[in-house]
Amino acid sequence: MSNTFYITTPIYYVNDVPHIGHAYTTIAADVLARYHRLLGHDVFFLTGLDEHGQKVQQAAAKSGVDPQAHCDRLAPQFQNLWKKLNISNDAFIRTTDTKHKTVVQQKLQQLFDQQLIYRADYTGWYCTFDERFWTEKDVTDGLCPDCKRPVERLSESNYFFKMGQYHDRLVKHIEAHPDFIRPESRRNEVLGFLKTNPLGDLSISRPKSRLSWGIELPFDRDYVTYVWFDALVNYVSGPDYLLPQPALNHYWPASMHLVGKDILTTHAVYWSTMLMALELPLPRTIFAHGWWTVNGEKMSKSRGNVVDPHGMVDEFGADAFRYFLLREVPFGQDGDFSRHALIGRVNTDLANDLGNLLSRTTAMIERYAGSRVPKPERGTDSDIDRVLQHTAGQLKDAIGVHLDNLEFSRALETIWGLVKLGNQYIDKTAPWVLAKKPEDKSRLDTVLYNAAETLRFLCLFLYPVMPKAAEGIKQQLDLTLNFSKPLFSSDITWGGTVPGTEIVKGAALFPRVETTTTSQGAKTVNQDTPTSPSPAPTPAATATHITIEDFQKIQLKVAKVLSAERVPKSEKLLKLQVDIGSEQRQVVAGIGKKYTPEELIGRRVVIVANLKPAKLMGVESQGMVLAAGDAEVQELVTLISDVDPGTKVK
Ligand code: MSP
């Protein structure tokens, strides 16, 4: 089996700046490229720009510049975005590259010489936006069946590619290769379409009188090439001239063309039949992903809701944006983008789950082991250790299956299984308790080692999706991993962390995103002066008794501590993020002398949930944690066994 993995994105029109749709495909392709490099495959990852055609010509005219100047102005917007998103493409193609144009002309000449391209007069309904003709039966009410814009009757002499003659061969190919068009629902759509519609021939030219911005037909200078015939050829011209040595034979056929669902037909039908005519093998897989709406609405310039990836990266960081797009929606399905959902993922999955695991582990190694990863005691593993090791050990195969199927969200869910298990492992083994007894020292060492080793596995598996976070984990744990080398075969054995390694506790991987309002509109809570609601005295109440009605005004709830950190400059105060079932709250509690932040994470506590919000040393608090003790806190109020966050305490 070939060791090469050639992956492409569509080449994007430079009629406007990049948006979330462009970022989505490119990030997905990047994850697969990085993953296959870790597997030791010879990867070629190509992306680029589609610079010809009507859309680009019109956009240039609108800005009052010539099309090439327009393209040169916009190209860096895409290239800079890919840098900012840590896209690891091996080459970047622009269809205005002289060498690309030469390849397109060669292919056209080849087909013309073989009489697979012919000239004919044609009258039909033309859609300017989609740059294509439609037949009488395609058009209803004078509208383009694709974009629903008005079509115009046009009669013109053009050059046609004999696409129709490949109909049966294409159907057979799709039927014989279940992986050729994915997901399966899209494959069925294409097959259904082909089985009910005979393929016609494809007009591959545009008279220069109508469109001048394109590649000239080598056999008729009055015409330029239809933009799709030019654009699709990039997949074979790129490896031919963008590498130090022509490498088309080495990389072709492509392993994976990633496309949006709207351009599946052009790839599955036009490109496949073009390749058949050119006597080149077809790509292994064309995968069509879904579309993003924004807050439930179609994304469009006129609605003013276009998501700017540059802005997202500036606000949340490249990794968070990459993670969200791939985790939120199964690849292949449509999804909805909202800031609210993105912030939710950042705070829950990234800051609470992953960020906490790293910060508690490094904090405990610092405190209990002098900042050096301790040596585990071999042969003393208990069940809880074995479950952790087993789960980490299975990750490679599980992720492999998901990524082969482009199930990014499931791959991430699987990785998060280990993140959560790592946190539970710390909760259950309670290193802060072990640290109190000298006789538990070797157990403490084993636990801390295992926590660090779990993070090493996570670092490796997170790398394709979140390269910067992986780099951060690697630095903090001083891991010897080299991501530019194949790793998945050699570094996935439990025990790779070298005891004695000095850790360097760093900044939080993913700082929580603070939102200004909570679902209750709460702003601040003051914990120092816990002013419980002071009901007006009723005749029945005395100074020492309250009525049951008074007590019922106090909402006590079980809260799960999601994250905990010290309030700067305070010995006593801890800032907790807690889950109370219906929402997340920030609560500041004066328990920092008795408890360390890391031992609280994952614990159930009881809070007063309807306390008037207040600020404590400038930090917002939305509730009060119950604890026993007079002047000093002695113990937290906890529960004998876990119940769901949000459960009422009465
Ligand atoms: N130039 C052609 C592709 C030629 S490939 C040989 C083109 N360019 S495009 O810039 O208009 O679109 C590029 C990609 O963006 C398509 O895959 C399309 O599906 C995708 N998206 C555009 N809007 C999108 C969303 N709202 N959501 C997800 N992807 C979307 O087509």
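Below, all heavy atoms of this structure are taken into account, side chains as well, without hydrogens, waters or symmetry copies. Indexing begins at 1, ligand by ligand and atom by atom, following the structure's order.
Cation-pi check for R210 over Y126 is met; the charged atom lies under 6.0 angstrom from the ring centroid and within 45 degrees of its normal.
In terms of heavy atoms, S255 sits closest to R284 at O-CB, 3.5 Å.
Put simply, CG on L199 and CD on Q165 are 11.0 Å apart, with the number rounded to the nearest 0.5 Å.
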In sequence, state the C-alpha distance, the side-chain angles, and the governing distance for H340 and N295, and then conclude on side-chain hydrogen bond (donor to acceptor under 3.5 Å, both in side chains). CA-CA 9 Å; H340 180 73; N295 295 312; over 6 Å; no
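Here Y159 and F219 bring their ring centres to under 6.0 angstrom of each other.
With sequence neighbours left out, D138 forms a salt bridge (Lys or Arg N to Asp or Glu O under 4.0 Å) with no residue at all.
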Which N or O atoms of ligand 1 sit under 3.5 Å from a protein N or O, and how far apart is each pair?
unit_1, atom_1, unit_2, atom_2, d
ligand 1, 1 (N), I11, O, 2.9
ligand 1, 1 (N), D50, OD2, 2.7
ligand 1, 10 (O), Y13, N, 3.1
ligand 1, 10 (O), H22, NE2, 3.2
ligand 1, 17 (O), G260, N, 2.9
ligand 1, 19 (O), D262, OD1, 2.4
ligand 1, 19 (O), W291, NE1, 3.1
ligand 1, 26 (N), W292, O, 3.1
ligand 1, 27 (N), W292, N, 2.9

